[in-house]
Each structure stands twice: as C-alpha cells, then as structure tokens.
Amino acid sequence: MPVITTIADLKRMHKRRTPKMFYDYAESGSWTEQTFRENTSDFDQIRLRQRIAVDMTNRTTASQMIGQDVSMPVALAPVGLTGMQCADGEIKAARAAEKFGVPFTLSTMSICSIEDVAARTNKPFWFQVYTLKDDDFMQRLFDRARDAGCSAIVITLDLQIMGQRHKDLKNGLSAPPKFTLASMADLATKWSWGLEMMGTPRRFFGNIVGHAKGVADPSSLASWTAEAFDQTLDWNRVAELMKMWGGPVILKGILDAEDAKKAAELGADAIIVSNHGGRQLDGALSSIRALPAILDAVGDKVEVHLDSGIRSGQDVLKALAMGAKGTYIGRAFVNGLGAMGEKGVKTALEVIHKELDTTMALCGRRDVKELDRDILLIPENFEGRWQ
Ligand code: GLV
C-alpha cells in the first residue's frame, strides 16, 4: 500500500486504475486549458504569512455553509459521470462525505440516481441541476430531490452550451463506454475497474434515462446537452426555477460582480464563484482572482463560496482568508474515488483537512471562521488591471 500524502498521489493512482476516457473527462479543461491551468497556478501566487509564538491549541475547522454545520467548509462539488470513475461512485462519495461531516452535491449527470443515493445514505445531500428547457422534467427533478430529502439545490448557470474539451471528443466519451479497438485495449489494462463495474447495475445516467423525454442518445452527455439545455436562459427564468424548488438555493457559475449582484438580488442562499473548473469559457479569469471583486460587490449580501482550482488545504485556507465562506472540491475527491473508492474519498478529505489545520496553525490562527486577509501575501497585481 503506497503512502498517500497529497491529492497528487491519489491522482496518479486514479490514472492507473480508471479507463482513460473517464480519467481524461475529469482531468480536462476546455480548448487550450488556460483557465483550467490558471485555476491552480493563481492559488500558488498567493503566499502565506508565517507567525510564531501564538498559542495554537484548541483549533477548529468546523463552520457552517448555508446555515448547515460542516466539519470543514469544503463541500464535494457536483461532478458528472462520477459513477464511471468507480462503480457506484456517487454513493461511495456521498457516504465518505457524510462520515466526514461535509456536504455532498449530486450532479444531475450522475450515474447513481437521486433515489439510489438517498437510499444508501443517512443525511440530506445537495442536488445540482442545469437549466433545462423541459419544465416538466425540471419540476420532476425538484420533486424527486424533495422526496429524497435534499436540503439544497445548486443551479448551474454557466452551462447552457458545453465548452469543448478536445479529449472527450477524441476518446468518444460515453456512459457506459462504447467498445472500439482503442477503448477495449485500454479497458484490458483496467481490469479491477471492470470487475467492479460488472458487479453493479448502475452504468447509465440514472437521473435521466427513463425520466427525460426525447433524449436520442442517453449515453452521450454532449448530445443530451445540445438537445435539452435552455439557451434562452435569463434572470427571470432563474427566479422561476428558484420558485419552482421553493427551498434553499445555491447559484453556481458566477465570475463577474454584475452577475453576483443579480444573484444576490434574487435572494440566493449562496453563490459559487466558479468557472466550472476551467471546463467552459477558456480564457476566463481563475476563480480565486475573480473572488475579491465579487466579495466587494456582494460579500455583505449573500454567502460567497468558491470552486475551481482547489487541490489542497492551503488552497482552502487561501480562499477562506480571502473572504469565501465555503469551498468545493471536484477533481480532488474524484481522484480519491478513482484511486480507492469510498476509502479514497475519505483519504482526500483527510489530506485536505490536515493541510488546512496545520497551515492555519502555522499562520498563527485557530479558527477557520476567523480567517482574514491579514494572513495572506497577495501580489499587488493579483486582480489584474484589465482595460
Ligand atoms: C458537466 O457539467 C461537465 O463539466 O462535464
């Protein structure tokens, strides 16, 4: 058993164990992947202030996200096809999150259905929806989420059309994988993944197949997106969807202060500063760079969360010290899942928690709820002076 000390260790194991098509799906950004890369490299630009001789006992990472208690403010982000990284992946990830005391967000594009995840977990999870044209389907998704006891809905606002990820096209991404010479050659080397996958009935998009009308090819995410997603989306429609659900709402995909103001006006419980992990608009700012302007605009009106680029507890600490009240990990937990199933997600959370806690102590702080910019060394031009 290798000694796992970082998310990068889990990522290497994930790559070895999981078919290339699915590993690449997680590990891609759109087009040139500039935003995907900058999401992480911009975190590296921020340095930390080392403080000494400060009592570091009685530390706590416990906090709240949208009023719900969390053992650390790090939720699991909605990630499509999670159940293809590892058999029953969404159930395993949800169980690991539940045991760790952090929120799990189920993607609409999951393999395990809402009902399946609810039946195999004990605590409420969050459910992510896209903005779809079909009102009946949207209403049914909300009803199903309500019946499953979901405690919040995350509405993704930055994916009415899909950013192109070259690798997905080249790999012929589909769930379950279609058998081509290349995919069979790859699968032959991923036998432990295949054995587990043969042992589960969950190999299709569980929330869509059998629920959405007129989906010509339910195995292809790209074709479903092209058919079902609402390109007429505007803020009135967002308000309509929030009303349809009628419970706590988190609006995801906000990267601009003007959009943040709109989201706050609608009464969202939180917004997520996000560029979809660099998978949508390539060339957009990294989330951590976009965060300060959004906090200035709405930080006192709505809870501000951040995703995209978090691979360590240091990254979490930087986002929180900058002013975010919560963060999300996507690839970091998927790496754990692809490496070792539920145990791998647990390990990913432990790695991040330990990094967060130790870094906080070495910065002379004891409570994640009281972090502030005073512990950060932010380069002068970090936000950039754009014309
Ligand atoms: C779906 O939201 C994706 O980014 O693939």
Side-chain angles (χ1 to χ4, degrees), residues 14 18-37 39 75-85 89-90 93 104-112 114 126-132 137-138 141 153-177 204-208 212 215 217-231 233 241 250-255 272-284 286-287 307-310 328-335 337-338:
H14 175 199
T18 306
K20 178 171 165 34
M21 175 188 294
F22 301 118
Y23 174 82
D24 281 353
Y25 168 72
E27 205 42 44
S28 293
S30 54
W31 291 297
T32 70
E33 301 193 330
Q34 178 187 10
T35 300
F36 170 58
R37 284 190 301 278
N39 276 337
L76 267 48
V79 180
L81 288 154
T82 294
M84 280 288 133
Q85 304 293 353
E90 288 89 1
F104 171 74
T105 319
L106 183 71
S107 163
T108 292
M109 286 191 195
S110 59
I111 302 298
C112 305
I114 313 176
W126 297 347
F127 184 61
Q128 171 269 345
V129 295
Y130 298 97
T131 50
L132 308 176
F137 184 57
M138 285 306 295
L141 277 181
I153 286 285
V154 175
I155 307 181
T156 296
L157 295 178
D158 60 359
L159 197 148
Q160 294 111 276
I161 49 172
M162 214 156 162
Q164 179 166 312
R165 301 117 195 208
H166 303 313
K167 287 179 229 157
D168 292 352
L169 295 177
K170 294 189 164 118
N171 290 332
L173 176 78
S174 66
F204 303 89
F205 289 106
N207 294 321
I208 302 163
V215 182
D217 178 4
S219 71
S220 160
L221 214 126
S223 70
W224 185 60
T225 325
E227 286 164 36
F229 286 42
D230 182 9
Q231 293 190 19
L233 178 75
L241 293 172
I250 302 171
L251 296 180
K252 174 173 183 283
I254 285 147
L255 212 59
I272 310 180
V273 177
S274 167
N275 53 39
H276 214 105
R279 300 162 72 79
Q280 286 295 99
L281 179 63
D282 188 36
S286 67
S287 292
D307 76 19
S308 306
I310 293 191
Y328 297 73
I329 49 170
R331 295 183 181 93
F333 93 77
V334 167
N335 290 153
L337 183 73

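None of these values were measured; they are calculated from a predicted model. Residues: numbered from 1 along the sequence shown. Both ligands and their constituent atoms are indexed starting at 1 by order of listing. Computation of the quantities below employed the complete heavy-atom set of this structure, encompassing side-chain atoms and omitting hydrogens, waters and symmetry-equivalent molecules.
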For atom 5 (O) of ligand 1, which candidate among Arg165, Lys252, His276 holds the nearest heavy atom?
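Looking at heavy atoms only, Arg165 sits closest to atom 5 (O) of ligand 1.
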Would you call the rings of Phe333 and Phe104 parallel, tilted or perpendicular, where under 30° means parallel and over 60° means perpendicular?
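Judged by the thresholds at 30° and 60°, the geometry between Phe333 and Phe104 is perpendicular.
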What do we get for Leu159 next to ligand 1 when only non-hydrogen atoms under 4.0 Å count, side chain, backbone, both or neither?
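It is the side chain that gets close, since no backbone atom is under 4.0 Å.
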Do the side chains of Glu33 and Lys167 get close enough for a salt bridge, i.e. N-O under 4.0 angstrom?
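Lys167 and Glu33: salt-bridged.
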Relative to the heavy atoms of [X], which atoms of ligand 1 are at a distance of less than 4.0 Å?
X      : result
Arg279 : 3 (C), 4 (O), 5 (O)
Met162 : 5 (O)
Tyr25  : 1 (C), 3 (C), 5 (O)
Tyr130 : 1 (C), 2 (O)

Apply the side-chain contact (heavy atoms from CB on, under 4.5 Å) test between Leu241 and each candidate in Ile155, Asp230, Leu132; give the one that qualifies.
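Passing option: Ile155.
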Is the cationic atom of Arg279 (NZ for Lys, CZ for Arg) positioned less than 6.0 Å from the six-membered ring centroid of Tyr25 and within 45 degrees of its normal?
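Pair Arg279/Tyr25 counts as cation-pi.
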Taking all non-hydrogen atoms of both residues into account, name the closest pair between Gln160 and Thr131 and its distance.
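Nearest heavy atoms, Gln160 then Thr131: CG-OG1, 3.9 Å.
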